[in-house]
Asker: 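Sharing a structure with you now.
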Protein chains: 2
Amino acid sequence: MDPFAALADSTRRRIVGLLSEEDRRAGDISVHFETSPPAISQHLKILREAGIVRVEKRGRERIYSLDPEGLAAMESWVSDTRRKWNGRLDRLADMLKEEE
Amino acid sequence: MDPFAALADSTRRRIVGLLSEEDRRAGDISVHFETSPPAISQHLKILREAGIVRVEKRGRERIYSLDPEGLAAMESWVSDTRRKWNGRLDRLADMLKEEE
DNA sequence: AGTTTAATTAAGTCAATGCTTAATTAAAAT
DNA sequence: ATTTTAATTAAGCATTGACTTAATTAAACT
């Protein structure tokens, strides 16, 4: 699943929010939600495959951490879009200026 | 549909890309895609309800334009997440510094 | 007035998504 | 060695999402 679709789900965004604060074990993520541990595990898998999150096995626990690279796609799309939009505003400003 | 879900679809992101260049009539958007005009119209409705796009009726045409406010939610979520993440890195750097 | 054009809404189909409970894997503890 | 604990995978189900064609709305043209 691509990063945009991965972050379309609010539960997954909340997970990312938790991991932006600190690395956490799967169970420590799970307790923050009403949904079952398997559901959270499935969300984590999606985030992993989207490159947004990493896992590290530690004994029988899995430590999840944010992979900031994963946000890059979204960040650059947004900033590109914003830049193009601003470029239009700038050209409009120029046109108005030449009318003076 | 919330802005994140609205932008999870690549067709809708392409529409936003087109509108970041210039305002366009529904039909002028539609021709850029293989899918049928009704499908594009449905996408436009979703973008409208997410606050990402605006319409203006002009005779029997509808002129679509980008509503940059609509991107704000995504932008601020991403930058907040990034900020929290960076904050962690900073604290880590401080800790390493104090060890010197 | 009647027809064409621009666009949307309606209705139905199919695939994808998110959830649940049950089953499995594998490490830790007794 | 057996049992408990942490987490995931499997299977099934209900909902949502994106698409299609057909029908509708409304403005423009002749």
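Protein chains get the first letters and strands the later ones, always in sequence-line order, with residue 1 at the start of each.
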Asker: Can you tell me the distance, in whole Å, between the CG atom of L47(B) and the C1' atom of dA7(C)?
Answerer: 16 Å

Asker: Without decimals, in angstroms, what is the distance between E56(B) CD and dA6(C) C1'?
Answerer: 16 Å

Asker: Let me confirm one number: the CD1-CG distance from I29(B) to L19(B), rounded to the nearest 0.5 Å.
Answerer: 4.5 Å

Asker: Report which part of the nucleic acid A26(B) touches: base, sugar-phosphate, or nothing (heavy-atom distance under 4.0 Å, all strands).
Answerer: sugar-phosphate

Asker: Are the side chain of R12(B) and the backbone of A6(B) linked by a donor-acceptor contact shorter than 3.5 Å?
Answerer: yes

Asker: Could you list all the salt bridge (Lys or Arg N to Asp or Glu O under 4.0 Å) pairs where at least one residue sits in residues 13-23 of chain A, not counting sequence neighbours?
Answerer: R13(A)-D2(B), E21(A)-R24(A), E21(A)-K84(B), E22(A)-R24(A), D23(A)-R88(B)

Asker: As an exercise, state the distance from CD1 of I15(A) to OH of Y64(A), rounded to the nearest 0.5 Å.
Answerer: 9.0 Å

Asker: Under 4.0 Å between a side-chain N/O of H43(A) and OP1 or OP2 of dT17(C), yes or no?
Answerer: no

Asker: Which whole-number value in Å describes the distance from I63(A) CD1 to dA7(D) P?
Answerer: 8 Å

Asker: Would you confirm whether S41(B), through its side chain, and P37(B), through its main-chain N or O, come within 3.5 Å as a donor-acceptor pair?
Answerer: no

Asker: Output yes when at least one side-chain N/O atom of Y64(B) is less than 4.0 Å from OP1 or OP2 of dT8(C), else no.
Answerer: yes

Asker: Is there a side-chain contact between S41(B) and the phosphate of dA7(C), meaning an N or O under 4.0 Å from OP1 or OP2?
Answerer: no

Asker: When the distance from CD of E61(B) to P of dT4(C) is rounded to whole Å, what number comes out?
Answerer: 19 Å

Asker: For the helix from dA1(C)-dT30(D) to dT30(C)-dA1(D), what angle separates the axis at the start from the axis at the finish, each from five pairs, in steps of 10°?
Answerer: 10°

Asker: What's the closest nucleotide to the side chain of P37(A) if the choices are dT8(D), dT21(C), dA18(D)?
Answerer: dT8(D)

Asker: Pick the closest DNA chain C nucleotide for I46(A) and for R25(B) by heavy atoms, then say which residue is nearer the 5' end.
Answerer: R25(B)

Asker: For I29(B) and dT8(C), what is the distance between atoms CD1 and P respectively, to the nearest whole Å?
Answerer: 8 Å

Asker: Given atom CE of M1(A) and atom C1' of dA15(C), what is their separation to the nearest angstrom?
Answerer: 13 Å

Asker: Whole Å only: how far is the CD1 atom of I40(A) from the C1' atom of dA7(D)?
Answerer: 13 Å

Asker: Round to a whole Å and report the spacing from NZ of K45(B) to P of dT8(C).
Answerer: 10 Å

Asker: Any sub-3.5 Å donor-acceptor pair from S30(B)'s side-chain atoms to A26(B)'s backbone N or O?
Answerer: no

Asker: Check step by step if side chain to side chain contact (heavy atoms under 4.5 Å, CB included) holds for L47(A) and D67(A).
Answerer: CA-CA 10 Å; L47(A) 288 171; D67(A) 181 351; over 6 Å; no

Asker: Could you check whether F33(B) gets within reach of a base, just the sugar-phosphate, or nothing at all, counting any heavy atom under 4.0 Å?
Answerer: nothing

Asker: Give every pair of a protein N or O atom and an N or O atom of nucleotides 26-30 of chain C that lie under 3.5 Å apart, one pair per line with the distance.
Answerer:
residue, atom, partner, partner atom, Å
dA28(C), O4', R60(A), NE, 3.4
dA28(C), O4', R60(A), NH1, 3.4
dA28(C), O4', R60(A), NH2, 3.3

Asker: Would you check, one step at a time, whether the test side chain to side chain contact (heavy atoms under 4.5 Å, CB included) holds for E49(B) with M1(B)?
Answerer: CA-CA 7 Å; E49(B) 289 175 351; M1(B) 196 179 293; 6.0 Å; no

Asker: Taking only N and O in the side chain of T35(A), is any of them less than 4.0 Å away from OP1 or OP2 of dC19(C)?
Answerer: no

Asker: Taking 4.0 angstrom as the limit, do R62(A) and E56(A) come out as a salt bridge?
Answerer: no

Asker: So for Q42(B) and dT20(D), does any side-chain atom that can act as donor or acceptor lie under 3.5 Å from a complementary atom in the base?
Answerer: yes

Asker: From C-beta outward on P38(A), which listed nucleotide comes closest to its side chain: dA22(C), dA7(C), dC19(C)?
Answerer: dA22(C)

Asker: In this structure, would W85(A) and M74(B) fall into the same cluster of hydrophobic residues linked by side-chain contacts under 4.5 Å?
Answerer: yes

